[in-house]
Number of protein chains: 2
Amino acid sequence: MNPANRDNDEAVRAAGSPLVHDFGLLIKAATRLEQRIDTALRKECEVSHTMFEVLIRLCRKPDEAVSQRELADDLTLTSSGVTRLVDRMEGAGLVRRVPAPGDRRSVLVESTDHGRTVFLRAAAVHARVVERYFVAPLHPDDYGRLTGSLGAIDKALRDT
Amino acid sequence: MNPANRDNDEAVRAAGSPLVHDFGLLIKAATRLEQRIDTALRKECEVSHTMFEVLIRLCRKPDEAVSQRELADDLTLTSSGVTRLVDRMEGAGLVRRVPAPGDRRSVLVESTDHGRTVFLRAAAVHARVVERYFVAPLHPDDYGRLTGSLGAIDKALRDT
DNA sequence: AGTGTTTTGTTGACTGCTCAGCAATTGACT
DNA sequence: AGTCAATTGCTGAGCAGTCAACAAAACACT
């Protein structure tokens, strides 16, 4: 058998490996899930999923202002990505930039009243989709294991 | 208590809900995982993660040519996204377009020899990252449950 | 106090996708 | 055969992010 054929067979084997398939499943499920949420939020609340994630972070504690850097880390975005995201959200009246007391480089972002109102409507849409495609398909005792596993993966990623 | 305060409290409660957190974990873990793979593949093999996924699909069976439509469905992309992706991959010599016998609208895509070579190198990189951040962090018996759960979620998404 | 390093956010140029609109081909139904 | 609908891929325009380069402020260390 010549080398080209060996390569070919090896490629076929590698492409069919269960690890490749399982990992693909994670990426695909997450992608599809995010797309569902995003289109639902855009249609019903005129907010993108990313904006919704910002609002989650901002509404977690009352009157909590969060620096753009912190947002970037939380959302796995670059700082310039956050700059532009906050630009759009500010334009839509969802958030407001305020200077950070004690650090004149930093910019804090806080939710407006309108932002909180939109967040509440969006949270209902979000809950509906999550319930339907994330909770309902799972056996009840698999749910806890799934989140535990995801937590372990996330930890491994953050630790390095 | 006035309505504004009630909204505020409700927003705080919604933002802190465990479902919101757990779902965020899934999205975040998948995003970070994909970013790792993508940067590793770009650095070591000069291929994006999306291109790698195309090669997986094309190398699964020897000499299997796949239509662009099929690729679009598999990768959760639009057809125009695939058009442009295949343009770039063709430019890089990884794949080749061939006319579909029996349907003059459709375009089949097949891997070149160079595509298979690159795929083999990329598969090694992919395996390394997946092993480290997807397999290693999990308890062995959680792995099977995780993929089962992901399969159930993916099925629910595809069925509707 | 002064100097080099790090952190923070912004900007210009680019990438990789989407959406809307299109032409070509195919299929479905009389 | 003839028409109307659906499918397939392509293109222009636009959006949401990246990266590289930057200025301003803060920090570290003599």
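Since the model is a prediction, treat every value here as computed from it, not as a measurement. In what follows, chains carry the letters A, B, and so on, assigned in the order in which the sequence lines appear, proteins first and then strands, with residues in each chain numbered from 1.
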### Task
Could you state the atom-to-atom distance from CG of B:D38 to P of D:dT18 in whole Å?
12 Å
### Task
Rounded off to whole Å, could you give me the CG-to-C1' distance for the B:L75 and C:dT18 pair?
15 Å
### Query
Would you say a side-chain N or O of A:R88 is under 4.0 Å from OP1 or OP2 of D:dC15?
no
### Task
Determine the contact category for B:S80: base if any of its heavy atoms lies under 4.0 Å from a base atom, sugar-phosphate if only primed atoms, P, OP1 or OP2 are that close, otherwise nothing.
base
### Message
Closer than 3.5 angstrom, by distance alone: can the side chain of A:S111 be matched with the main-chain N or O of A:L58 as a donor-acceptor pair?
### Response
no
#### Entry: All ring-ring contact (aromatic ring centres under 6.0 Å, His included) counterparts of A:F119, not counting sequence neighbours
A:F52
### Task
For A:S79, answer base if it contacts any base atom (sugar-phosphate contacts may also be present), sugar-phosphate if it contacts only those atoms, and nothing otherwise; contact means non-hydrogen atoms under 4.0 Å.
base
### Task
Rounded to the nearest 0.5 Å, what's the gap from OG1 on B:T147 to CG on B:D142? Could you check?
10.5 Å
### Query
How many Å lie between NE2 on B:H49 and C1' on C:dT15, as a whole number?
18 Å
### Task
Take atom CG of B:D87 and atom C1' of C:dC17, then tell me their distance rounded to the nearest Å.
13 Å
### Message
Looking at the base of D:dG12, is there any donor atom on it, or on the side chain of B:R84, that sits under 3.5 Å from an acceptor on the other one?
### Response
yes
### Task
In whole angstrom, give the distance that lies between atom CZ of A:R104 and atom P of C:dT10.
16 Å
### Task
Have a look at the helix from C:dA1-D:dT30 to C:dT30-D:dA1 and give the angle its two end axes make, five pairs each, rounded to 10 degrees.
40°
### Query
Starting at the 5' end of DNA chain C, which residue's closest nucleotide do you reach first, A:Q35 or A:V82?
A:V82
### Query
Rounded to the nearest 0.5 Å, how far apart are NE2 of A:H49 and CD1 of A:I56?
6.0 Å
### Message
Below the 4.0 Å mark, does C:dT7 have OP1 or OP2 next to a side-chain nitrogen or oxygen of A:R69?
### Response
no
### Task
Mind checking A:S48 for me? I need base, sugar-phosphate or nothing, with any heavy atom below 4.0 Å counting as a touch.
nothing
### Query
Rounded to the nearest 0.5 Å, how far apart are CZ of A:R88 and OG1 of A:T83?
11.0 Å
### Query
Does a salt bridge link A:D154 with A:R158, judged by any charged N lying under 4.0 Å from a carboxylate O?
yes
### Summary
Of the candidates D:dC10, C:dG9, D:dT18, the side chain of A:Q68 sits closest to C:dG9
### Query
Between B:E90 (side chain) and B:R97 (backbone), is there a donor-acceptor pair under 3.5 Å?
yes
#### Entry: Between C1' of C:dC17 and CG of B:L71, the distance in whole Å
16 Å
### Message
Between A:S106 and D:dA25, is there a contact of a side-chain N or O with OP1 or OP2 at under 4.0 Å?
### Response
no
### Message
Strictly below 4.0 Å, N to O, side chains only: are B:E44 and B:R128 in salt-bridge contact?
### Response
yes
### Query
Phosphate oxygens OP1/OP2 of D:dC19: is one of them under 4.0 Å from a side-chain N or O of B:R42?
no
### Task
Using atom CG of A:L77 as one end and atom P of C:dT10 as the other, report the distance to the nearest whole Å.
14 Å
### Query
Roughly, in whole Å, what's the span from CZ in B:R97 to P in D:dT8?
16 Å
### Message
With hydrogens left out and only the distance checked, is there a donor-acceptor pair under 3.5 Å joining B:R105's side chain and the base of D:dT7?
### Response
yes
### Query
Where the side chain of A:D103 is defined as all heavy atoms beyond and including C-beta, which of D:dA26, C:dG16, D:dA16 is the nearest nucleotide?
D:dA26
### Task
Please check the phosphate of C:dT10 (OP1 and OP2 only) for any side-chain N or O of A:T83 closer than 4.0 Å.
yes
